[in-house]
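In what follows, a single structure is set out as structure tokens and then discussed.
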Amino acid sequence: MEYNFTELEKKWQEYWEQHKTFKTVDDLSNPKKFYALDMFPYPSGSGLHVGHPEGYTATDIVSRYKRMNGFNVLHPMGWDAFGLPAEQYAIQTGTHPSITTQENCDTFRRQIKSLGLSYDWDREINTTDPGYFKWTQWIFIRLYNTWFDKEQQKGRPVAELPIPADIEKQGKMAVQDFIDEKRLAYYDNAQVWWCKKCQIVCANEEVLNDGSHEKCGTKEVERKNLKQWMLRIPHYAERLLAGLDTLEEWPESVKDMQRNWIGKSKGAEVDFNVEGIDEPLRVYTTRPDTLFGATYMVIAPEHPLLDRIVTNDKREEVDKYVKAASLKSDLDRTELAKEKTGVFTGRYAINPVNGEKIPIWVADYVLIGYGTGAIMAVPAHDTRDFEFAKTFGIKITCILDPEHADAEVRQKVLEGNQCWTDDGAYINSAGSDSLDINGMNKEKGIQTVIDWLEKKGLGTGAVNYKLRDWLFSRQRYWGEPFPVIHWEDGEVTLVPDEDLPVRLPEMEKFQPGANGESPLANAGDWLTLTDANGRKGRRETNTMPQWAGSCWYYLRYIDPLNDKAPFNAQKEKYWMPVDLYIGGAEHAVLHLLYSRFWHKVLFDLGIVSTDEPYRKLYNQGMILAFAYETKAGSKVPSDEVGERDGKYYHKDTGEELQQIVAKMSKTLKNVVNPDDVTVKYGADSLRLYEMFMGPLDATKPWTDTGVKGVYNFLCRVHRFFADPNSIKEGEEDAEMLKTLHQSIKKVTSDIENLKFNTAISQLMILTNLAIKKGRVSPGTARIFAKLLSPFAPHLAEELWEKYGAQKTISYEAWPEVNPAFLQEDSFEYPVSFNGKMRFKIEFPVDASREEIGKAVLAHEKAQKWIEGKQVKKVIVVPNKIVNIVVG
RNA sequence: GCCCGGAUGGCGGAAUUGGUAGACGCGCUGGACUUAAAAUCCAGUAAACAGUAAUGUUUGUGUGGGUUCAAGUCCCACUCCGGGUACCA
């Protein structure tokens with residue numbers, strides 16, 4: 001009797017499909033619910049990768065386990081199907097993106113179904129479906145119509161926005177402008193990244209550090225000014241930060257990354273008077289305590305006051321510098337970070353704490369987009385300022401004595417020859433005007449100076465965030481259209497809810513429009529419209545970025561076919577929050593931050609019932625593959641590599657190669673296709689192997705022999721547990737009962753903790769013992785089948801059927817541990833001398849410490865270690881260890 | 001530079017949270033079955049030394065220190081690898 005996985009898996013997949021085994025019923029009366037969510041994939045043309053099934057199998061195991069524990073489980077799958085590749089393909093071939101998308105989704109669905117994942121396919125969603133993006137547009141309208149009330153720290157409808165009397169007085173336009181400035185979504189000129197190759201605007205975060213576009217890899221990325229939709233996510237910075245503290249079941253690393261991304265800093269804004277100009281220059285600093293060490297100021301080249309600050313004799317030089325800076329991207333600026341550049345403006349400011357005259361420079365190491373776009377420079381205590389001052393020979397005044405640093409360093413710092421950013425005691429920090437922080441430490445100094453500034457009206461405590469407004473539009477065809485109309489008189493209106501969705505026009509050519517316009521700019525009929533009064537309007541031609549659809553998809557699964565609302569409120573209240581969310585760490589910041597932001601807005605508007613969408617988050621690790629390289633470090637494609645005696649060599653040259661671990665890639669020819677694995681070993685083996693490789697969150701290399709190992713295990717399981725000759729009535733012995741119940745205990749807790757690798761090893765131990773015993777009782781076999789079922793569901797169903805069941809194992813009660821079988825009456829104590837284990841002696845579990853100590857010392861084996869020495873101490877830890885200290 | 005995470009046999013990885021290091025799997029070695037091979041089954045497998053052998057001794061969780069009766073686990077310093085971020089004042 002062979003383990004014919006092909007037939008067996010087909011049989012059960014058909015059974016599940018026919019019986020709708022995993023259809024989720026909205027039984028809102030069951031208090032036990034579990035929402036297990038996978039990060040839905042972008043259905044690319046290359047099909048499923050072995051990385052996909054890793055997370056999917058993990059949530060599937062938990063889903064199956066929860067069902068068997070009486071939970072009402074929501075476990076859905078869908079497609080994040082808007083995106084560039086389909087559009088690029090359309091530009092090249094003329095094939096409509098919807099056709100490509102459809103085909104890719106079909107491939108993905110087929111592949112995913114072949115893995116035996118227990119999704120409720122009736123809830124499948126697709127972000128490109130008008131029935132779906134109708135509600136994405138609907139949410140956009142909500143964002144547009146919401147403002148953030150700082151006092152209440154809450155988003156509220158713009159209808160509730162109080163309009164100041166002086167604005168009201170200025171008329172309707174002023175009121176409109178005032179409201180527009182408060183909306184969470186707004187339309188404005190924005191300097192954006194423009195990828196020449198993709199002909200697309202990219203968000204800041206899509207441009208990598210090396211200046212390349214993350215999607216296409218070219219470095220042809222430049223700045224461009226375009227009218228763009230932006231979302232005011234920084235308004236929610238504080239809420240997004242505070243929310244992180246409530247997410248106890250998120251990895252700390254992800255929370256840290258989000259905190260860093262939001263980048264909150266506390267400090268002060270300080271006004272510096274400028275000689276000969278009536279307007280003060282305001283700076284933001286996190287170190288107001290170092291004001292006494294400020295020996296110059298720097299303003300960004302784009303600073304609005306620059307023009308007035310520059311003196312005539314310096315104008316030419318400054319203009320030249322500003323122009324050069326404007327041609328540089330932010331990236332060039334940072335790339336040249338090693339060498340700081342800048343020009344003296346010719347004018348001086350007055351340091352408010354000591355009245356000193358300090359020069360104002362313009363330099364591009366100060367960014368217009370952060371803080372006030374101007375800084376006070378304290379070269380003695382800020383590394384960037386130090387470098388700049390050194391380069392241009394500006395005065396460096398040490399005001400913080402590094403008391404506890406070593407003498408040499410301290411001396412250099414005091415002389416202004418080294419920068420010191422840590423704590424110390426202030427020196428030279430007393431002004432004529434009642435401010436004296438000499439001798440204080442950093443923390444106290446900062447507070448004292450802020451208090452003084454506020455009292456004097458020279459500045460205030462201030463908070464800044466790195467988080468910027470979210471550029472929310474793309475010049476693309478294959479994305480959600482904005483429900484927006486621009487009228488010829490300049491008014492912007494949103495399409496009313498009842499007219500949603502705004503569909504994409506049918507088009508034949510998908511080339512971008514001129515000057516960075518979306519292809520939609522060429523969509524004749526669709527583009528223009530006329531209102532009842534004959535006013536002409538033009539639809540928004542930008543589309544939403546790919547993030548949009550994934551910001552709220554978890555909500556749509558709750559009620560995917562609803563055409564009256566994005567979802568039913570009762571159902572939302574029942575299913576939310578998501579109990580387990582598994583996906584790649586690459587989404588640690590952007591997707592998860594964006595979707596938390598949307599969720600919080602929806603929460604503030606009363607549309608969803610929870611403040612945070614995802615209760616437990618887990619990142620699966622990446623699956624890598626072995627690759628080979630020469631001593632010189634050049635990579636060799638896997639098909640050119642031979643193996644001999646555990647060593648690797650180049651088939652052609654014979655050169656010995658080193659095995660390394662690398663990402664799967666076409667060039668290295670080490671890509672593993674899940675379909676091939678399924679054909680060769682079956683879906684259960686693929687699932688099992690991916691879970692057995694190592695901890696779920698670790699990055700680990702794929703090995704074919706590893707798959708074979710778990711395949712062999714399943715063969716053994718099948719050979720033994722599917723054979724009626726090995727399942728016979730009769731008592732189990734104590735060893736079997738103990739292992740069985742240990743297995744129930746371990747598999748249960750391991751699933752709860754997502755430690756699938758050790759759960760599987762326990763199933764192997766149990767199987768090995770059963771085979772050794774030669775027979776098990778039907779009861780034991782049934783428990784085994786249940787324990788196996790979340791991991792290898794096809795085989796488990798098959799066994800279950802063989803054991804006489806009429807229906808699926810999926811809803812059978814999960815086995816319970818009987819602690820009686822785990823209890824031992826004796827424990828074999830490891831006995832160590834001076835911490836080294838020497839031998840073992842068995843004692844009853846309830847033996848007293850004294851008893852054990854005495855017996856051990858009297859034991860013949862102990863004599864060898866005691867002989868000629870003095871017993872100094874006897875440590876007995878009940879049911880753990882005995883340690884005897886001799887000397 | 002800064003913030004996280006990691007380092008355990010030939011390999012992937014276990015280790016009840018301070019208590020027998022190396023579970024389970026791969027690989028390898030030997031044996032059984034076979035005309036033979038594959039498959040399967042059984043046994044062995046951290047290293048070094050001693051012994052015909054059972055066995056014994058020593059060393060051993062990236063490096064160096066420390067705490068402790070006892071450290072893979074805790075503390076300090078460092079090395080290397082991976083991820084994030086980077087003129088954010």
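To find a chain, count down the sequence lines: A is the first, B the second, and so on, and within it residues start at 1. Worth knowing before you read on, the calculation uses all heavy atoms, side chains too, and leaves out hydrogens, waters and symmetry mates.
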Open item on the list: Which heavy atom of A:Leu281 sits nearest to which heavy atom of A:Ala374, and what is that distance?
Closed with: CD1-CB, 4.0 Å

- [ ] Consider the side chain of A:Pro695, meaning its heavy atoms from C-beta on, and name the nucleotide among B:G13, B:C26, B:C24 that approaches it most closely.
- [x] B:G13

Task: Sorted by number, the residues of residues 765-773 of chain A with heavy-atom contact under 4.0 Å to RNA chain B - done: A:Ile765, A:Asn768

TODO: Remember a base hit wins even if backbone is also touched, and classify A:Lys864 as base, sugar-phosphate or nothing at under 4.0 Å, heavy atoms.
DONE: sugar-phosphate

Open item on the list: Classify A:Asn834 by what it touches in the nucleic acid, base, sugar-phosphate, or nothing, heavy-atom distance under 4.0 Å.
Closed with: nothing

TODO: Mind checking A:Val885 for me? I need base, sugar-phosphate or nothing, with any heavy atom below 4.0 Å counting as a touch.
DONE: sugar-phosphate

Task: For B:G82, glycosidic torsion class - syn if within 90° of 0, otherwise anti - done: anti

TODO: Let me know the distance between CG of A:Asp422 and C1' of B:C2, rounded to the nearest Å.
DONE: 13 Å

TODO: Could you measure between the two C1' atoms, the one in B:G44 and the one in B:U55, and give it in whole Å?
DONE: 16 Å

TODO: Assess whether ring pair (Phe, Tyr, Trp, His ring centres under 6.0 Å) is satisfied between A:His718 and A:Phe5, documenting all intermediate values.
DONE: CA-CA 10 Å; A:His718 184 264; A:Phe5 57 82; over 10 Å; no

TODO: May I ask you to evaluate whether A:Lys836 reaches the phosphate of B:U59, defined as a side-chain N or O under 4.0 Å from OP1 or OP2?
DONE: yes

TODO: For A:Arg259, answer base if it contacts any base atom (sugar-phosphate contacts may also be present), sugar-phosphate if it contacts only those atoms, and nothing otherwise; contact means non-hydrogen atoms under 4.0 Å.
DONE: nothing

Task: Atom-to-atom span, CG of A:Asn757 to C1' of B:A15 - whole angstrom - done: 12 Å

TODO: For B:U40, take OP1 and OP2 only and decide whether either is under 4.0 Å from a side-chain N or O of A:Asn712.
DONE: yes

Task: A:Lys773 bridged to A:Glu735 by N-O distance under 4.0 Å - done: yes

- [ ] Ignoring the backbone of A:Met764, work out which of B:U20, B:G25, B:U40 is nearest its side chain.
- [x] B:G25

Task: base_contact_polar (B:U20 base, A:Lys840 side chain, donor-acceptor, <3.5 Å) - done: yes

TODO: Would you indicate which nucleotide in B:G19, B:U20, B:U59 comes nearest to any side-chain atom of A:Pro830?
DONE: B:U20

Open item on the list: Between A:Asp704 and A:Lys680, does any NZ, NE, NH1 or NH2 come within less than 4.0 Å of an OD or OE carboxylate oxygen?
Closed with: yes

Task: Candidate list A:Trp702, A:Phe713, A:Tyr711, test ring-ring contact (aromatic ring centres under 6.0 Å, His included), partner A:Tyr689, passing option - done: A:Trp702

Task: Salt-bridge present (A:Glu690, A:Lys700; N to O < 4.0 Å) - done: no

- [ ] Describe the nucleic acid contact of A:Trp250 in one word from base, sugar-phosphate, nothing, applying a heavy-atom distance below 4.0 Å.
- [x] nothing

- [ ] Measure distances between side-chain N and O atoms of A:Lys340 and base N and O atoms of B:C87, and say whether any donor-acceptor pair falls under 3.5 Å.
- [x] yes

Task: For RNA chain B, the dot-bracket pattern of Watson-Crick and G-U pairs whose distances stay under 3.5 Å, | for other-strand partners - done: (((((((..(((......[....)))((((((.......))))))(((((....)))))..(((((..]....))))))))))))....

Open item on the list: Any carboxylate oxygen within less than 4.0 angstrom of a Lys/Arg side-chain nitrogen, looking at A:Arg282 and A:Asp271?
Closed with: yes

- [ ] Name the closest nucleotide to the A:Thr758 side chain, picking from B:C69, B:C87, B:A15.
- [x] B:A15

Task: Among B:A21, B:C26, B:U57, the nucleotide that comes nearest once only the side chain of A:Thr705 is considered - done: B:C26

Open item on the list: Distance check needed: B:G13 P versus A:Trp702 CH2, whole Å only.
Closed with: 14 Å

TODO: Tell me which of A:Ala698 and A:Met622 sits closer to the 5' end of RNA chain B, going by the nucleotide each one is nearest to.
DONE: A:Ala698

- [ ] Among the candidates B:U58, B:G27, B:C4, find the nucleotide nearest to the side-chain atoms of A:Arg838.
- [x] B:U58

Task: Side-chain N or O of A:Arg719 closer than 4.0 Å to phosphate OP1/OP2 of B:C41 - done: yes

Task: Derivation and outcome, side-chain hydrogen bond (donor to acceptor under 3.5 Å, both in side chains), residues A:Tyr321 and A:Thr341 - done: CA-CA 9 Å; A:Tyr321 181 78; A:Thr341 61; 2.7 Å; yes

- [ ] Measure the distance from OH on A:Tyr829 to P on B:U20 and round it to the nearest whole Å.
- [x] 13 Å

Open item on the list: When you measure from the side-chain N and O atoms of A:Lys755 to the phosphate of B:A15, is any distance below 4.0 Å, counting only OP1 and OP2?
Closed with: yes

Open item on the list: Let's see if you can work this out: which of B:G13, B:G19, B:U57 has an atom nearest to the side-chain heavy atoms of A:Lys700?
Closed with: B:G13

- [ ] Starting at atom CG of A:Leu763, determine the distance to atom C1' of B:C24, rounded to an integer number of angstrom.
- [x] 11 Å

TODO: Write down the distance between NZ (A:Lys746) and P (B:A14), rounded to a whole number of angstrom.
DONE: 10 Å

Open item on the list: Under 3.5 Å, is there a donor on one side chain and an acceptor on the other for A:Asp750 and A:Thr758?
Closed with: yes

Task: Minimum-distance nucleotide (side-chain atoms of A:Ile875 versus B:A89, B:G19, B:A15) - done: B:G19

Open item on the list: Classify A:Gly371 by what it touches in the nucleic acid, base, sugar-phosphate, or nothing, heavy-atom distance under 4.0 Å.
Closed with: nothing

- [ ] Measure from the side-chain heavy atoms of A:Asp364 and tell me the nearest of B:C87, B:G84, B:C4.
- [x] B:C87

- [ ] Under 4.0 Å between any heavy atoms, over every strand shown, what does A:Ser265 touch: base, sugar-phosphate, or nothing? Just pick one.
- [x] sugar-phosphate

Task: side chain to side chain contact (heavy atoms under 4.5 Å, CB included) partner of A:Ile582, the single match among A:Glu54, A:Gln620, A:Met39 - done: A:Gln620

Task: Closest-nucleotide 5' rank along RNA chain B - winner of A:Lys880 and A:Val710 - done: A:Lys880

Open item on the list: Suppose we call a contact any N or O donor and acceptor under 3.5 Å apart; does that hold for the side chain of A:Asn883 and the base of B:C69?
Closed with: yes

Open item on the list: Apply side-chain hydrogen bond (donor to acceptor under 3.5 Å, both in side chains) to residues A:Tyr829 and A:Glu842 and explain how you reach the verdict.
Closed with: CA-CA 6 Å; A:Tyr829 280 85; A:Glu842 197 159 308; over 6 Å; no

Open item on the list: Applying the ring-ring contact (aromatic ring centres under 6.0 Å, His included) criterion to A:Tyr365, which one of A:Phe388, A:Phe386, A:Tyr370 satisfies it?
Closed with: A:Phe388

- [ ] Specify the separation, in whole Å, of atom CG of A:Asp704 and atom P of B:G12.
- [x] 17 Å

Open item on the list: Salt bridge or not between A:Arg775 and A:Asp723? Use side-chain N to carboxylate O under 4.0 Å.
Closed with: no

Open item on the list: Nearest to the A:Ser761 side chain among B:C3, B:A23, B:U40, which nucleotide is it?
Closed with: B:A23

